[in-house]
Amino acid sequence: MPATPDAALDGVLTGTERAVLRALADGRQRTVAELCAALSAARSSVVHALNRLRTAGVVVEHPSSRSVRGRPARGWSVASSPGLLAVVLAAAHGSLAGVVRPDGEVLAAVHGVAGLTGAAGALELLDRALADAGVTQQQVELAVLGLPGPSMFARTPAGDSLGGSHLRRFRHWDGRPAADVIGEFLDRPVFCENDANLAALGEAVYGDVAGLHTVLHVSLTHGTGAGLVIGGRLHRGGSRLAGEVGHLHVDDGGQLCECGARGCFWQTTSIPALLGELAAAHGRTFTVSDLDAAAASGELEIMRALRGFGRSLGRRIADFVVFLDPQAIVVDSTLGAASDVIADGIREAVDQYTPPMMAASVKISSGSLGASAHLKGAAALVRTEHLLDASRRG
């Protein structure tokens with residue numbers, strides 16, 4: 001029996017029963033107390049809903065050795081575990097495919113080349129991830145696609161209004177919508193989300209800052225961007241592009257950007273730009289791994305450059321702090337030890353350019369999930385947007 005009700009059963013469910021099923025949709029066991037807290041519902045209502053769902057064969061009760069106030073705390077879960085999630089990330093400066101459980105457990109992660117814009121490369125990457133996880137396409141319930149640009153919870157091109165936008169090269173592979181390519185390969189529903197948003201949601205739900213109300217995550221490895229999570233859910237804005245810090249304006253006479261403007265922030269303050277500057281200054285090529293190694297060993301010249309990069313970024317983030325008053329700013333941790341140094345630079349700028357009370361209240365640190373942030377973010381997206389429900393109705 002599916003982990004969420006079919007159309008016939010759904011027609012007779014109460015609101016509480018639907019809410020309970022959504023809370024259990026990721027397959028994890030939860031106690032009655034945990035469900036009451038998550039749903040802000042009375043215990044009697046939750047227990048009544050669970051008993052009705054158990055009678056219908058939709059949920060099962062599990063004995064537990066834990067106890068609450070001397071009573072055994074029993075866990076509840078859906079009767080049939082939900083399927084797996086396939087995740088594909090294709091951004092300007094890197095690509096990733098993985099397989100993850102709806103509860104956030106990562107089964108496989110395979111990294112690919114930058115600027116992945118072709119169907120063959122994307123499908124080969126996904127095939128490798130499925131093989132590494134030891135699963136078949138039939139075991140996948142749905143797919144989440146992380147791409148530059150706005151959220152688009154649709155598989156068909158009808159919802160994609162990018163027109164001649166520079167984002168089209170990332171969202172169309174060989175002339176076809178990327179979601180269609182993945183959807184036909186898996187024969188499963190595909191849901192598109194901004195790549196930076198996935199990392200933000202992963203850190204906010206599963207990382208060290210989990211539980212904080214307002215979290216701003218800064219992505220660096222796959223491009224300069226940010227994602228904002230408020231109350232455990234993404235804030236996307238009216239155009240679904242909130243957080244595009246890379247396109248903040250810094251120079252009227254700057255280089256022409258693909259977005260049509262001149263002097264966008266990412267052109268001078270991005271990891272590729274920093275690597276290029278370091279290469280020119282030191283007469284050799286630099287990679288992200290070099291930044292990690294240099295920061296870990298305390299190489300002063302490189303650490304100084306990283307801290308300066310963080311201050312430049314922090315000067316812009318300081319404005320976000322004044323407007324949003326977030327509880328935490330999380331820096332992309334895929335740069336390894338370099339992320340900690342960049343976070344230090346951001347802290348210096350925030351301390352200098354924001355009111356003291358705001359600066360003191362915001363936690364600034366590198367993330368705790370590393371490369372798995374996007375994959376765990378996909379699992380969090382499925383839960384917070386009830387995509388398992390949507391896939392079975394679509």
Side-chain angles (χ1 to χ4, degrees), residues 3-4 15-16 18-42 46 76-78 82 85 87 100-106 142 144 146 150-153 191-219 225-238 240-243 320-321 323-333 361-370 372-391:
T4 54
T16 303
R18 289 193 187 93
V20 167
L21 283 175
R22 286 174 174 172
L24 296 175
D26 61 7
R28 289 192 296 173
Q29 292 185 28
R30 288 176 173 82
T31 65
V32 171
E34 290 169 338
L35 289 169
C36 290
L39 304 177
S40 299
V46 171
W76 293 80
S77 72
V78 288
L85 314 177
V87 185
V100 60
R101 297 188 191 278
D103 64 1
E105 180 187 354
V106 177
L142 59 84
V144 174
S151 306
M152 187 180 69
F153 287 164
F191 300 91
C192 293
E193 181 56 80
N194 177 270
D195 57 313
N197 280 352
L198 287 180
L201 195 57
E203 289 286 359
V205 173
Y206 292 105
D208 287 346
V209 297
L212 297 184
H213 184 266
T214 309
V215 177
L216 180 69
H217 178 272
V218 182
S219 291
L228 178 62
V229 180
I230 301 175
R233 297 185 62 127
L234 285 169
H235 174 78
R236 300 179 178 90
R240 299 169 292 154
L241 283 168
F320 277 76
V321 171
F323 282 110
L324 300 174
D325 195 15
Q327 292 171 293
I329 296 170
V330 181
V331 179
D332 182 349
S333 59
S361 68
V362 62
K363 174 183 178 180
I364 302 176
S365 62
S366 61
S368 60
L369 301 182
S372 68
H374 293 91
L375 302 178
K376 288 179 175 290
L381 182 78
V382 166
R383 188 169 80 245
T384 58
E385 300 294 341
H386 311 305
L387 299 187
L388 284 172
D389 286 354
S391 71

Between A379 and P102 the two heavy atoms that sit nearest each other are CB-O, 3.7 Å
H217: which residues meet the ring-ring contact (aromatic ring centres under 6.0 Å, His included) condition with it, sequence neighbours left out? none
On a heavy-atom basis, which atom in A210 and which in V205 lie closest, and how many Å separate them? CB-O, 3.3 Å
Which atom pair, heavy atoms only, marks the closest approach of W76 to L24? O-CD2, 3.5 Å
Taking all non-hydrogen atoms of both residues into account, name the closest pair between V87 and A378 and its distance. CG2-CB, 3.5 Å
Within the distance-only criterion (no hydrogens, no angle test), does the side chain of Y206 pair as donor or acceptor with the backbone N or O of E105 below 3.5 angstrom? no
From I230 atom CD1 to Q327 atom CD, the distance as rounded to the nearest 0.5 Å: 10.5 Å
Rounded distance [0.5 Å steps], CG in L216 versus CZ in F320: 6.5 Å
If I take atom CG from residue L324 and atom NE2 from residue H235, how far apart are they, to the nearest 0.5 angstrom? 8.0 Å
The single option from T214, V215, L201 that satisfies side-chain contact (heavy atoms from CB on, under 4.5 Å) with L228 is T214
Side chain to side chain contact (heavy atoms under 4.5 Å, CB included) for S372 and V100? Distances and angles first, verdict last. CA-CA 10 Å; S372 68; V100 60; over 6 Å; no
So, are E34 and R30 salt-bridged, with charged N and O less than 4.0 Å apart? no
Do L234 and L381 touch side chain to side chain, with heavy atoms closer than 4.5 Å? yes
Can you find a pair of side-chain heavy atoms, one from L212 and one from P326, that are under 4.5 Å apart? no
Between E203 (side chain only) and L369 (backbone N and O only), is there a donor and an acceptor less than 3.5 Å apart? yes
Do L85 and L142 have side chains that approach each other closer than 4.5 Å (heavy atoms only, starting at C-beta)? yes
Here the pair of heavy atoms bringing S333 nearest to S368 is OG-N, 4.2 Å
Spacing of CG belonging to N197 relative to SG belonging to C192, to within rounding of 0.5 Å: 12.5 Å
With sequence neighbours left out, what residues match A41 under side chain to side chain contact (heavy atoms under 4.5 Å, CB included)? L39, V46
Could you tell me which non-hydrogen atom of G237 sits nearest to which non-hydrogen atom of A242, and how far apart they are? N-CB, 4.0 Å
Pair R233 + E385, salt bridge at N-O below 4.0 Å: yes
Measure the NZ-CG distance between K376 and L198 for me, rounded to the nearest 0.5 Å. 14.0 Å
For the CG atom of L35 and the OG1 atom of T16, what is their distance to the nearest 0.5 Å? 11.5 Å
